[in-house]
Amino acid sequence: MWTARKNFYGKLVGFISDGDILRHLSKLHPVYESVWSLAAAASSELGFDSRLNELMQMQVKEVGIRGVIAVKLGDSLEEVCRVLQENHLKKAPVLDGTDMVGVINSSNITKFALGKILEKNRK
């Protein structure tokens, strides 16, 4: 899940992913560190509903991270891997100039790499 936001002039100014939401909820309570722990907390007495309601009332700028780290449409796969790894990201927006045209994530890269290996082994 991801959401991108452009300002009035069409410039990408923010990017919110499921990881941002999990990070925010984990700041509210240390138990919320993964999807599993969120599900476990939902059925507990930790006040998950009130924390989730609080999150739903927040502005995007309070949850998202300023300074979007993105990759360019023409970047090599090696460059994309470097950007993700160096910034400890699982996904990044893909820009064509100043337009966001998609999102690339580590699962995309893994699937592509494994496909290439399988294709090579079939020959």
Side-chain angles (χ1 to χ4, degrees):
M1 177 183 93
W2 57 270
T3 302
R5 175 82 182 190
K6 290 186 177 186
N7 69 6
F8 179 76
Y9 301 103
K11 180 182 175 194
L12 182 67
V13 294
F15 184 82
I16 296 178
S17 70
D18 51 350
D20 296 321
I21 292 169
L22 289 173
R23 260 189 305 282
H24 178 76
L25 288 174
S26 71
K27 288 178 188 173
L28 294 176
H29 195 285
V31 170
Y32 309 137
E33 295 175 357
S34 68
V35 174
W36 181 87
S37 62
L38 281 172
S43 62
S44 74
E45 298 296 323
L46 295 175
F48 179 80
D49 288 343
S50 63
R51 288 184 173 86
L52 187 57
N53 286 334
E54 178 185 324
L55 175 66
M56 296 303 293
Q57 299 303 314
M58 296 178 78
Q59 293 182 352
V60 171
K61 66 183 179 182
E62 296 176 88
V63 180
I65 296 172
R66 286 188 166 208
V68 177
I69 297 170
V71 296
K72 297 178 205 147
L73 187 60
D75 283 348
S76 68
L77 190 55
E78 181 179 2
E79 175 65 6
V80 172
C81 290
R82 184 192 65 74
V83 168
L84 293 177
Q85 189 274 329
E86 286 181 0
N87 293 286
H88 308 285
L89 300 172
K90 292 181 183 177
K91 61 184 76 79
V94 179
L95 302 180
D96 184 5
T98 59
D99 294 327
M100 185 175 143
V101 295
V103 174
I104 189 161
N105 64 49
S106 54
S107 296
N108 299 136
I109 295 167
T110 302
K111 189 175 183 178
F112 175 79
L114 290 174
K116 287 293 186 183
I117 290 169
L118 291 173
E119 183 181 304
K120 183 178 178 182
N121 288 338
R122 288 186 193 132
K123 293 181 182 180

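Count residues from 1 along the sequence. All heavy atoms count here, side chains included; hydrogens, waters and symmetry mates do not. This is a predicted model, so every value here is computed, not measured.
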Does anything in residues 70-80 form a side-chain hydrogen bond (donor to acceptor under 3.5 Å, both in side chains)? List the pairs, not counting sequence neighbours.
E79-R82
Restricting to side-chain contact (heavy atoms from CB on, under 4.5 Å), what partner residues turn up for I104, sequence neighbours left out?
V71, V80, V94, N108, I109
Going by the rule side-chain contact (heavy atoms from CB on, under 4.5 Å), which residues pair with K116 if we only count those two or more places apart in sequence or in a different chain?
F112, E119
Applying side-chain contact (heavy atoms from CB on, under 4.5 Å), can you list everything that pairs with A113, at least two apart in sequence or on another chain?
none
Considering non-hydrogen atoms only, spot the tightest contact between N105 and K91 and give its length.
CB-CB, 3.6 Å
Of all heavy-atom pairs between A92 and A70, which one has the smallest distance, and what is that distance?
CB-CA, 4.5 Å
Partner set under side-chain contact (heavy atoms from CB on, under 4.5 Å) for Q85, not counting sequence neighbours
none
Hydrophobic cluster membership, L77 vs I69, 4.5 Å side-chain cutoff
yes
Grouping I, L, V, M, F, W and Y whenever their side-chain heavy atoms are under 4.5 Å apart, do L95 and V103 come out in a common cluster?
yes
